[in-house]
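Presented below is the structure to which this report refers.
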Amino acid sequence: MTRPTNEALIMIDIQNDFCSGGALAVEHGEQIVPLVNELQNEFAVKVLTQDWHPQDHKSFADNHEGKQPYEMTEMPYGPQVLWPSHCVQGTQGAAFHKDLKTDGADLVVRKGFRPHIDSYSAFFENDHTTSTGLSGYLRERGVDTLHMVGLATDFCVRFSAVDAAKQGFNVIVHLDACRAIDLNGSLKEAMDEMQSHGVKFSGEMVAQ
Ligand code: VGL
Ligand code: ZN
């Protein structure tokens with residue numbers, strides 16, 4: 001451990017469905033695993049997040065008559081991308097990548113389990129009010145600085161980083177340990193939004 005205990009590593013959604021061959025594959029998603037495992041050695045505080053949807057989840061195109069994956073819909077909380085069914089609770093797709101070290105994590109935060117609300121962020125669901133409890137956990141442990149890695153840069157990493165920054169955490173996104181979906185310019189939008197909220201970056205982004 002080379003980092004002080006006020007710094008935590010937040011590992012976002014490194015699950016089979018976001019890796020090659022998965023239901024919502026992020027190109028080369030699995031390439032981040034060795035680097036994430038290496039980073040884990042530096043941190044005393046380690047948190048994993050796990051996208052964890054019921055089969056009838058409203059973010060799935062399959063649950064909207066006549067809709068295709070990657071089309072948009074309106075939810076009570078605003079516009080929502082419709083995704084291929086992914087990370088269904090208890091399935092192999094929802095499991096962590098087999099090479100990801102998980103035994104050393106202190107906490108696993110599951111999110112997206114309410115059928116009517118999607119949850120990209122590790123802190124708040126997409127209605128921006130329903131809390132996962134993660135910030136309270138980190139604060140009570142004396143953590144004020146978050147290093148984020150995982151999938152996907154432009155969705156779950158982005159929303160987690162922005163929510164964390166808004167709540168007063170120092171946030172560093174390790175771009176070399178993230179990969180993006182990049183849907184309709186979402187990667188550029190994500191980078192701009194993170195930057196405007198004071199999120200810092202480490203490492204080089206790996207091109208798609
Ligand atoms: C994610 C889309 C839907 C992510 C999760 O982990 O970035 N993206 N659910
Ligand atoms: Zn999801």
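Numbering of ligands and ligand atoms starts at 1, following listing order. Basis for what follows: all heavy atoms, side chains included, without hydrogens, waters or symmetry-related copies.
- The atoms of ligand 1 that sit less than 4.0 Å from any heavy atom of Ala152 are 4 (C), 6 (O), 7 (O).
- Salt-bridge formation is detected for the pair Arg158/Glu193: a Lys NZ or Arg NE/NH1/NH2 atom is positioned less than 4.0 Å from an Asp or Glu carboxylate oxygen.
- Note on His86: counted as a metal contact of the Zn ion (ligand 2), an N/O/S atom lying under 2.8 Å.
- For the pair Glu125 and Arg114, the salt-bridge criterion is met [side-chain N within less than 4.0 Å of a carboxylate O].
- Regarding atom 6 (O) of ligand 1, its nearest protein heavy-atom neighbour is Asp13 OD2, 2.7 Å.
- Hydrophobic clustering places Val26 together with Val36 (ILVMFWY residues linked when any side-chain heavy atoms are closer than 4.5 Å, directly or through intermediates).
- Looking at Leu9 and Val47, their side chains never come closer than 4.5 Å, going by heavy atoms from C-beta outward.
- The minimum distance between the Zn ion (ligand 2) and any N, O or S atom of Asp51 involves atom OD2.
- An N or O contact shorter than 3.5 Å is missing between Lys111 and ligand 1 by distance.
- A distance of 8.5 Å separates NZ of Lys67 from NE2 of His64, quoted to the nearest 0.5 Å.
- Residue Asp51 has at least one nitrogen or oxygen atom sitting less than 3.5 Å from a nitrogen or oxygen atom of ligand 1, judged on distance alone.
- Among the backbone and side-chain atoms of His57, no N/O/S atom is found under 2.8 Å from the Zn ion (ligand 2).
- Contacts between Leu151 and ligand 1, counted as non-hydrogen atom pairs separated by less than 4.0 Å, involve the backbone only.
- With hydrophobic clusters built from ILVMFWY side chains whose heavy atoms lie under 4.5 angstrom apart, Met205 shares a cluster with Met194.
- Set against the non-hydrogen atoms of Cys156, the atoms of ligand 1 under 4.0 Å away are 1 (C), 4 (C), 5 (C), 6 (O), 7 (O).
- For ligand 1, the atoms lying closer than 4.0 Å to a non-hydrogen atom of Phe155 are 7 (O), 8 (N).
- Between His174 and His147, the ring planes are tilted. Angles from 30° to 60° get that label.
- The aromatic ring centroids of Phe18 and His86 lie less than 6.0 Å from each other.
- Note: an N/O pair closer than 3.5 Å links His86 and ligand 1 by distance alone.
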